[in-house]
Amino acid sequence: MNEHLDRGPRSKDELAADVARDIPHGAFVNLGIGQPTTVADHLPVGSGVVLHTENGMLGMGPLAHGGPHDPIDPDLTNAGKVPVTALPGASYFHHADSFAMMRGGHLDVCVLGAFQVSATGDLANWHTGEPDAIPAVGGAMDLAIGAKQVFVMMTLFAKDGSAKLVPGCTYPLTGVGCVDRVYTDVATFEVGPQGARVLETFGTSYDDLLARLDVPLGR
Amino acid sequence: MNEHLDRGPRSKDELAADVARDIPHGAFVNLGIGQPTTVADHLPVGSGVVLHTENGMLGMGPLAHGGPHDPIDPDLTNAGKVPVTALPGASYFHHADSFAMMRGGHLDVCVLGAFQVSATGDLANWHTGEPDAIPAVGGAMDLAIGAKQVFVMMTLFAKDGSAKLVPGCTYPLTGVGCVDRVYTDVATFEVGPQGARVLETFGTSYDDLLARLDVPLGR
Amino acid sequence: MRVCADTDEAVAGVEDGATVLVGGFGMAGMPVPLIDALIRHGATDLTVVSNNAGNGDTGLAALLAAGRVRTMICSFPRQSDSWVFDRLYREGRIELEVVPQGNLAERMRAAGAGIGAFFCPTGVGTPLAEGKEVREIDGRTYLLEYPIKGDLALIGAHRADRAGNLVYRRTARNFGPVMATAATTVVAQVSEVVETGEIDPEVVVTPGIYVDRVVRVTT
Amino acid sequence: MRVCADTDEAVAGVEDGATVLVGGFGMAGMPVPLIDALIRHGATDLTVVSNNAGNGDTGLAALLAAGRVRTMICSFPRQSDSWVFDRLYREGRIELEVVPQGNLAERMRAAGAGIGAFFCPTGVGTPLAEGKEVREIDGRTYLLEYPIKGDLALIGAHRADRAGNLVYRRTARNFGPVMATAATTVVAQVSEVVETGEIDPEVVVTPGIYVDRVVRVTT
């Protein structure tokens with residue numbers, strides 16, 4: 001375990017860069033809507049990473065900005081319904097094939113945001129549990145259980161100071177035991193059947209984390 | 001019911017022509033290997049009938065004979081592995097899609113051969129039940145249960161004189177209650193939950209059939 | 001297969017209480033002109049199956065606003081511009097079944113493929129598993145999911161030939177090919193209708209067997 | 001994805017006892033050069049999944065004749081030129097599981113799509129239903145069918161790009177796209193390898209994510 005005490009927490013950009021660094025060369029990857037999308041900007045040239053978007057495409061390129069080389073095409077969007085581009089070697093397929101690809105374990109990595117993650121890798125990221133909220137799951141549950149490895153990106157603490165790495169999720173679950181790694185501003189964790197383990201800290205110490213979190217922490 | 005007593009039994013050609021006549025205009029049809037294949041030769045020009053072959057094609061054309069307009073292409077065969085041609089409007093698809101099309105009830109008619117058919121529409125056409133026979137089912141069971149209507153073509157009596165329209169099949173079944181019509185040399189029958197009914201006879205009378213068959217026969 | 005003169009002819013005959021599958025993911029592949037025709041047609045008490053529950057005030061949102069939809073089956077009703085659905089839902093004037101996006105696709109695929117039900121790993125241990133049959137197979141836990149079948153499917157494709165073969169454009173393909181297999185009557189709006197034989201059989205995505213009516217729309 | 005120098009490199013690493021999915025329907029799509037390489041490789045005690053059980057004395061028949069196959073899973077072993085299989089079977093030197101052709105395809109599709117099992121109407125009431133779980137759903141009877149997963153798939157396609165995207169030719173497509181989703185290592189022989197980007201993303205049949213090795217063969 002590496003304690004980086006000579007610095008502050010990771011910025012969002014640094015977090016995305018660190019996730020990008022841990023994606024293997026040539027991996028097939030789905031980046032969830034929101035913060036995970038920014039990981040794409042940090043993949044090195046020649047990474048060979050191929051992006052999957054669950055609305056039916058492999059080989060997704062950067063966002064389209066309407067220039068001569070990246071025209072906006074309403075028939076070409078990502079899962080967030082934002083216009084994107086296609087890279088050489090791309091392919092299109094329908095929704096049943098796209099989710100078969102995901103559910104069948106063919107994607108190497110999926111990066112998701114989260115409200116909470118448990119020490120054993122349970123994920124809560126689709127519903128805050130408020131009684132009057134309109135439930136909307138989209139592809140969250142499919143993404144959570146499909147990829148060979150699931151990475152979560154989040155802040156370790158909510159705005160009210162409560163920890164988001166928890167002994168058991170109090171928000172409604174998206175998937176059980178599905179998360180492998182949790183990348184946060186102040187630390188990276190491995191989670192799973194053996195519980196949580198700290199891999200690296202940023203601007204905080206292992207002992208600080210032990211004190212602030214309600215879960216046993218390997219190191 | 002029509003008794004045609006002023007003539008002999010139907011020839012194979014006449015039988016195929018009569019089946020072809022009963023296929024609705026524009027129907028999607030699968031013709032089983034063997035005798036059913038000959039039905040294609042009797043479909044009138046402009047019938048609009050589209051042939052499905054379960055190895056992955058709609059819009060199958062006639063057999064390829066190696067001429068300038070029907071070259072033999074080893075990559076284009078029917079389910080009997082015989083080179084065929086493709087008609088305008090054809091499409092190719094893989095085996096899972098092809099059998100999904102069949103199993104999902106999208107074909108209008110399937111024409112099959114049979115060893116035995118029961119009065120309630122059970123079909124036996126894949127295995128003679130001999131203990132040393134190597135079992136081989138191919139697409140027979142999928143075809144039997146998939147189409148909206150299943151037509152059987154066969155002689156009414158086996159070479160040993162035994163009837164092939166029976167109270168219950170003695171050969172191993174291909175499908176239960178799946179046959180709608182049985183076209184034979186001497187008669188056409190409707191079969192199903194209500195039992196068998198004679199629609200037409202050829203060179204024999206309803207009473208003759210009653211005497212020779214072991215099943216109650218509506219008329 | 002019929003090429004219709006206009007969208008009103010294309011949606012004719014839909015009955016009150018019908019289940020209507022509506023293609024599209026966001027606006028990509030969304031058949032707005034067909035939905036407009038459905039509104040003019042007047043059918044009510046509908047169950048609508050679509051990935052989202054309407055955007056803004058047009059298309060599916062307009063159908064909802066007209067009070068024609070009793071039940072919405074979708075993966076993601078809650079969007080920044082889903083105010084029509086939100087209001088109806090909060091007023092208790094519409095029922096909602098939330099289905100994970102991949103299950104939505106796979107359940108329609110099952111309907112089209114003649115599959116009676118299937119064991120799916122998505123949603124295990126989550127609130128969406130409530131009431132579903134659970135089974136462990138080969139060390140993994142699955143939920144039993146049932147087909148979703150439509151009376152009518154409205155889909156947006158790119159090009160059709162007169163045999164009903166369809167091709168799509170980029171990620172506008174999404175739910176179209178799956179919905180085309182899962183409904184009794186399938187209506188496709190396209191940008192172009194070409195002669196039969198003008199679409200390469202190798203690139204057909206939806207074979208004509210699945211398509212009942214095609215209408216050209218200008219967008 | 002790796003473009004291999006020859007077929008020996010393409011099949012390297014297969015272990016004794018492996019399950020090998022072999023594409024093709026008759027000779028269309030049959031990857032004979034890859035099977036020849038598998039024979040040279042020497043792996044034995046194999047389970048082979050293929051529609052037929054070898055024709056003549058070459059390809060799959062030669063693999064059988066070399067004594068490398070413990071179990072054959074297929075729909076139609078008995079053909080006019082299947083003497084190699086016939087002899088091994090009658091001598092009790094090979095096990096046979098006969099699977100209806102559509103179930104063979106759908107069970108491999110399930111393996112590739114992460115489906116744990118599915119209820120299928122094919123074969124109900126037949127000898128092939130023995131030992132299978134039966135369930136009535138919505139008035140129709142179904143059998144529970146389980147996935148068939150391969151360690152290795154050998155398929156014949158037409159053209160590949162360097163990203164592993166594949167297109168097929170005519171009915172040689174058959175089992176290839178399904179098998180490509182269902183095996184841990186997927187090897188495709190093709191007639192041509194083109195640069196990434198030279199296959200239109202709209203017409204890709206097997207996306208590169210499913211393909212591990214490609215080798216060009218001259219036929």
Side-chain angles (χ1 to χ4, degrees), chain B residues 23-30 46-61 69 73 75-78 84-110 139 141-150 175 178, chain C residues 1-3 21 105-118 147-151 153 157 159-168 173 176-186 188 193-214:
Chain B
I23 292 176
H25 180 89
F28 292 91
V29 178
N30 186 299
S47 72
V49 168
V50 178
L51 295 182
H52 172 260
T53 181
E54 62 264 34
N55 51 318
M57 180 188 196
L58 274 172
M60 180 172 65
H69 300 295
D73 180 343
D75 285 345
L76 181 56
T77 75
N78 64 16
V84 293
T85 55
L87 297 178
S91 54
Y92 302 110
F93 30 82
H94 63 59
H95 247 81
D97 279 351
S98 183
F99 281 81
M101 190 181 287
M102 187 183 294
R103 195 190 311 108
H106 303 284
L107 295 174
D108 297 296
V109 178
C110 178
M141 290 185 183
D142 314 88
L143 286 160
I145 58 100
K148 288 182 191 123
Q149 284 196 89
V150 172
C178 55
Chain C
M1 222 302 288
R2 191 167 82 238
V3 177
L21 316 180
E106 189 70 10
R107 288 173 64 186
M108 288 189 280
R109 191 226 172 234
I115 300 299
F118 58 94
I148 297 176
K149 187 161 175 53
D151 298 298
R159 182 183 293 124
D161 69 15
R162 293 187 169 272
N165 292 306
L166 303 180
V167 293
Y168 300 80
R173 186 183 301 198
V178 184
M179 289 180 170
T181 70
T184 308
T185 301
V186 174
V193 180
V194 300
E195 293 305 313
T196 298
E198 288 186 28
I199 300 179
D200 178 356
E202 298 283 8
V203 311
V204 170
V205 174
T206 294
I209 190 172
Y210 291 117
V211 181
D212 298 287
R213 303 174 196 169
V214 157

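The basis for the numbers below is simple: all heavy atoms, side chains too, and nothing from hydrogens, waters or symmetry mates. Below, chain A is the first sequence line, B the second, and so on; all start at residue 1.
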Give the intermediate values and the outcome of side-chain contact (heavy atoms from CB on, under 4.5 Å) for residues C/T181 and B/M101.
-> CA-CA 8 Å; C/T181 70; B/M101 190 181 287; over 6 Å; no
Assert top hit (heavy-atom pairs under 4.5 Å, partner chain B, pool C/T196, C/D161, C/I209) equals C/I209
Answer with side chain, backbone, both or neither: which region of C/R162 has an atom nearer than 4.5 Å to a non-hydrogen atom of chain B?
-> neither
From B/D97, B/V50, B/L58, residue fulfilling side-chain contact (heavy atoms from CB on, under 4.5 Å) relative to C/P207 = B/L58
Minimum heavy-atom separation for B/P88 to C/G197, with atom names?
-> CB-CA, 3.9 Å
Under 4.5 Å from any heavy atom of chain C - which part of B/M57 | neither
Nearest atoms (heavy-atom pairs only) where B/A96 meets C/R109 | O-NH2, 4.2 Å
Of the non-hydrogen atoms in B/A90 and C/V204, which two are nearest, and what is the gap between them?
-> O-CG2, 4.1 Å
Chain B contacts, top residue of C/A110, C/A163, C/G112 (heavy-atom pairs, under 4.5 Å) = C/G112
Top contributor to chain B interface from C/G208, C/G164, C/A113, C/G114 [non-hydrogen pairs under 4.5 Å] | C/A113
Tell me, for B/A86 versus chain C, whether the close heavy atoms (under 4.5 Å) come from the side chain, the backbone, both or neither.
-> neither
